[in-house]
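Okay, structure first, notes after.
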Amino acid sequence: MSSAVEQIEGLTAQEYKYGFVTDIDQETLPPGLTEDTVRFISAKKEEPEWLLDWRLKAFRHWQGMTEPTWPNVSYPKIDYQSISYYAAPKSADDKPKSLDEVDPELLATYEKLGIPLEERAVLAGVAVDAVFDSVSVATTFREKLADAGVIFMSISEAVREHPELVRKYLGSVVPPSDNFFAALNSAVFSDGSFVFIPKGVTCPMELSTYFRINAMNTGQFERTLIVAEDDSYVSYLEGCTAPMRDQNQLHAAVVELVALENARIKYSTVQNWYPGDKDGNGGIYNFVTKRGACRGKRSKISWTQVETGSAITWKYPSCILIGDGSVGEFYSVAVTNNHQQADTGTKMIHIGKDTTSTIVSKGISAGVSNNSYRGLVKIMPKAEGARNFSQCDSMLMGDRCGAHTFPYLEVRNKTAQVEHEATTSKIGEDQIFYLNQRGIETEDAVSMIVNGFCKEVFRELPMEFAVEAQKLLGVSLEGSVG
Amino acid sequence: MLQIRNLHVSIDGQKILRGIDLDVQPGTVHAVMGPNGSGKSTLASVLAGRDGYEIEQGSVTYNGQDLLDMDPEIRAREGVFLAFQYPVEVPGVTTMYFMREAVNAVRKHRGEEELSAGEFLKLAREKIGPLGMEADMLKRAINEGFSGGEKKRSEIFQMAMLEPRLAVLDETDSGLDIDALKIVADGVNSLRSAERSFVVITHYQRLLNYIVPDYVHVLSEGRIELSGDKDLALELESRGYGWINDDVVPQAVAGV
């Protein structure tokens, strides 16, 4: 992280050199955020007028907003004027030329996680062309998807190629004025992904491998939009078990999902950004707004997340269950170690009749970390027969960490059924000893116990990721039990 | 195989074992009996290497090695097995996965090839049948929702899988009805061999009708007060532990 700090300091120290609107040839903006910053980003991306207006509206709204203070986390005040809001992707010249130039510790972690060799280089930021021809890999995927009628591209491309779709759905689930970080994202979002699954289409592949190779360096204000038309299905996987190199401390992403009639969207996240060092220095602030709207009847949105990284996580993937009989699911594993802080959970808003939601949250705290589950289940007056089941389990490792549960229930329809179960347990020395006594060493025993604890969530992950996620937990908790 | 010499152990400053001496030869079965609080389970825990016990004096030698110097998992891989009095539940971890990891850890330590999933399953089915358990048990989480009898049978199954050289059974009979007791005893008896030794810790003589010991030791207040053959267990059964405390101990104190 020291290099990131240096970079930020370096940028802060820079003199104001460029006019914003006239000179768009520069690659990195000096720190600061004004209307001109927004105009610059939009111009740089050659965006249409409507999108610039949209961004500006968000920016003006953001100016009148204050950062939320209700999460159970603490961090020094962020100076939004000291951040640079635009940096072009690094050119190949600046990147390591081969794996030999990459931090051996990072490579050792990839090894432990079992990341395929050819992907390690990409993840470590090695200039891709030097390693293998990613363009052809991407093209193959793209052709396969195009044959099925699936649109999968960066959101910048989508703005150019499918403006009508982007315009129709962007901000329709998370309005620009939704919250402080969503407004900031709407004003300055860098890039992200756009997925459109047409009516009746089952996406022919997990949108993951492609993503892992192509979605690097999307920047700190990522914007994702997924639309699934009637009777379609898509499984989307965001992130990676490998620790990502990242120069930005603040990440404020927005993800919007729209599911029309009978559509199903499965969105899985594995987040392993830099958590800071053992003493709590550095690390990513991950302030994310993720929300899905089940607009059609019997539509379904399922969020699965494995959160092990970041110094601070503030994230509540939510479902708005509008269509009758629609289904929302949230499966979460959040691991905090050392000085990490997580305040994460979900919101299930039941609007339509016979809507159902399931929440399974597993929080694991180690070191001196703090892990909070915060969840809202809201049953609106017209949600006849709505049902929710919530289960929140916390596991503590050691006696210096914290686990908290903040469940909020608002039930305005008397036919609704809402169940909430919560447990807190300490990883048992007797459990570890039992496994030791059968020849299993402590580190493996801890990993086995923790993975067992998270099993209900892991089985929701795509197979190959479930395996990586299990290893990731082991790596994240290394050394947390003596 | 196992030599315990003048072993003194305390927990939180409280003396539990006050000078245990015990020799276990290969292929023998030793029963350790005694009233509640005499230190039986402490002895089992110390042999397996559980944390929280302070060894104040004495030594334990296992196959020529200093047992007390080994981590619990190394002891296990070297062939020390403890059948727990209270087997622990581990939610979400199947017995199958757990045992395969354990068996392979032991095999690796011995320089043997690890078992494939298929080989493991075959072995597991062979071992589980005679214990009156369905192979379905392997798919259940470790001890989760098991009845008392199932837990104990699972311990014996694990022992059969790991093929220890020294098996310590800590009150394996407690909470078992007579049918389960017979099954457990049959399981143990089928594992008796010239190389394998057992230390069977029990409160009641009942178990020893089915697992017939070569030696019986009576533990009282942290010391082995009496040793004998299987008839000693029968005498204890008829006279009770009070007989030891009232009779033997004063004599010992008086130097008789």
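Atoms considered below: every heavy atom in the structure, side chains included; atoms not considered: hydrogens, waters and symmetry mates. A quick note: this is a predicted structure, and the numbers were derived from the prediction, not measured. Below, chains carry the letters A, B, ... as their sequence lines are ordered, and counting in each starts from 1.
- Interatomic distance, OH of B/Tyr97 versus CE of A/Met448, reported as 5.0 Å (0.5 Å rounding).
- Annotation for B/Glu144: atom CD counts as buried by contact number, over 12 foreign heavy atoms lying within 6.0 Å.
- Below 4.5 Å, heavy atoms of chain A meet heavy atoms from B/Ala48, B/Gly49, B/Arg50, B/Pro72, B/Glu73, B/Ala76, B/Arg77, B/Val80, all part of residues 48-80 of chain B.
- In this structure the side chain of A/Arg438 reaches within 4.5 angstrom of the side chain of B/Leu162, judged on heavy atoms.
- Between chain B and the residues A/Ala445, A/Gly439, A/Cys454, the largest count of heavy-atom pairs under 4.5 Å involves A/Gly439.
- Contacts between residues 82-96 of chain B and chain A, counted as heavy-atom pairs separated by less than 4.5 Å, involve B/Leu82, B/Phe84, B/Pro87, B/Val88, B/Glu89, B/Val90, B/Pro91, B/Gly92, B/Val93, B/Thr94.
- Taking a 6.0 Å sphere around CZ of A/Arg400, one finds it holds 12 or fewer heavy atoms contributed by other residues, nucleotides or ligands.
- Here the OH-CG distance, from A/Tyr434 to B/Asn143, works out to 4.0 Å after rounding to the nearest 0.5 Å.
- For a residue to count as touching a neighbouring chain, one of its non-hydrogen atoms must lie under 4.5 Å from one of that chain's; by this rule B/Met161 does not touch chain A.
- Around the CZ atom of B/Arg110, the shell of radius 6.0 Å holds more than 12 heavy atoms that belong to other residues, nucleotides or ligands.
- At most 12 heavy atoms of other shown residues, nucleotides or ligands fall within 6.0 angstrom of atom CZ in A/Arg387.
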